[in-house]
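Notes for the one structure printed next.
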Amino acid sequence: MSIKNYEPGDVEIVKIMLKKSIPGEQAEVNIKPQVLSMDIYEDIDEPTMLLELTMVDSINLVQDYPIVGEEIISITFFTPGRENPTKINFLVYSVESTGTAPTAKGSIYILKGISPSHFFNASNLVEKSYKDTIDEIVKDI
């Protein structure tokens, strides 16, 4: 059996949707054309995925949409070896490093998001101490 090595460019991003999370507001926009770069990584201390989207915004989403930190970013993508697309959601919690785009025809900023599981995990504390052998601890877990 041969092991295939995949590169980041092997992932095909179908769409990146920005949605309002406020009940009653149905505004949704595909922001994929405005995304310059995307970083998704997992927190080493918590079971949480983090997102950073570097945006080059020539349609003034920050003020016209507006982005206030209560939006949902939904990313749909294909990965090698899978027939169906994967969809993951992030909750926007910050807009940082705002400035003027190099072309001076828009703004550049970073949208930061966090996986919804962060809030679930933060509200459910699991804690137990053990004074037994490792075998017994593993059995209990």
Side-chain angles (χ1 to χ4, degrees), residues 1-132 134-141:
M1 180 176 164
S2 66
I3 297 174
K4 293 185 179 183
N5 290 321
Y6 296 109
E7 298 293 323
D10 294 339
V11 174
E12 178 191 349
I13 299 171
V14 178
K15 59 185 173 181
I16 304 172
M17 302 301 290
L18 181 67
K19 299 185 262 185
K20 300 248 185 212
S21 64
I22 301 168
E25 293 203 26
Q26 301 299 319
E28 184 174 22
V29 62
N30 186 1
I31 60 171
K32 183 182 172 190
Q34 284 79 37
V35 175
L36 179 64
S37 70
M38 176 173 60
D39 294 311
I40 299 175
Y41 48 95
E42 189 167 6
D43 191 322
I44 196 165
D45 295 323
E46 298 179 29
T48 300
M49 289 180 29
L50 301 166
L51 169 73
E52 288 187 6
L53 292 177
T54 303
M55 307 282 293
V56 176
D57 185 1
S58 59
I59 59 174
N60 203 17
L61 276 171
V62 172
Q63 292 187 353
D64 291 345
Y65 187 67
I67 299 173
V68 296
E70 296 178 356
E71 295 78 24
I72 298 168
I73 295 175
S74 179
I75 302 169
T76 305
F77 59 94
F78 284 99
T79 53
R82 297 194 68 178
E83 292 181 22
N84 298 321
T86 301
K87 182 178 177 182
I88 55 175
N89 293 322
F90 294 92
L91 304 173
V92 175
Y93 71 88
S94 177
V95 179
E96 296 182 1
S97 304
T98 57
T100 305
T103 60
K105 293 185 178 182
S107 58
I108 189 165
Y109 52 87
I110 299 171
L111 276 181
K112 291 192 172 193
I114 194 163
S115 61
S117 62
H118 171 78
F119 298 102
F120 175 77
N121 294 335
S123 65
N124 291 311
L125 180 62
V126 177
E127 186 176 308
K128 186 173 181 181
S129 61
Y130 291 94
K131 293 183 180 181
D132 215 337
I134 293 176
D135 293 345
E136 293 300 318
I137 293 170
V138 170
K139 285 179 189 177
D140 185 54
I141 294 174

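The figures that follow rest on heavy atoms only: side chains count, while hydrogens, waters and symmetry mates do not. Residue numbers start at 1 and run along the sequence shown. Everything numeric in this text was worked out from a predicted model, so none of it was measured.
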| field | Partners passing side chain to side chain contact (heavy atoms under 4.5 Å, CB included) against S94 (at least two apart in sequence or in another chain) | value | E96, K112
| message | Is the shortest side-chain heavy-atom distance between I114 and L51 below 4.5 Å? | response | no
| field | Euclidean distance, Y41 OH relative to T48 OG1, rounded to 0.5 Å | value | 11.5 Å
| field | pair Y109-I67: side-chain heavy atoms closer than 4.5 Å | value | yes
| query | According to the side-chain hydrogen bond (donor to acceptor under 3.5 Å, both in side chains) rule, which pairs have a member within residues 29-39, sequence neighbours left out? | reply | S37-T54
| Residues two or more places apart in sequence or in another chain: which of them pass salt bridge (charged side-chain N to carboxylate O under 4.0 Å, His left out) with E42? | none
| request: Grab the two heavy atoms, one from F78 and one from N84, that are nearest each other, plus how far apart they are. | output: CE2-C, 3.8 Å
| query | Hey, are the side chains of M49 and P116 touching, using non-hydrogen atoms and a 4.5 Å cut-off? | reply | no
| request: Say whether, by atom type as modelled, one donor and one acceptor occur between the side chain of D132 and the main chain of E136 under 3.5 angstrom. | output: no
| field | Pairing residues for K131 by the salt bridge (charged side-chain N to carboxylate O under 4.0 Å, His left out) criterion, not counting sequence neighbours | value | none
| Check: I110 and V95 side chains under 4.5 Å, non-hydrogen atoms | no
| Does any pair with a residue in residues 67-76 pass salt bridge (Lys or Arg N to Asp or Glu O under 4.0 Å), and if so which ones, sequence neighbours excluded? | none
| Among all residues two or more places apart in sequence or in another chain, which pass the side chain to side chain donor-acceptor pair (under 3.5 Å) test with S74? | N89
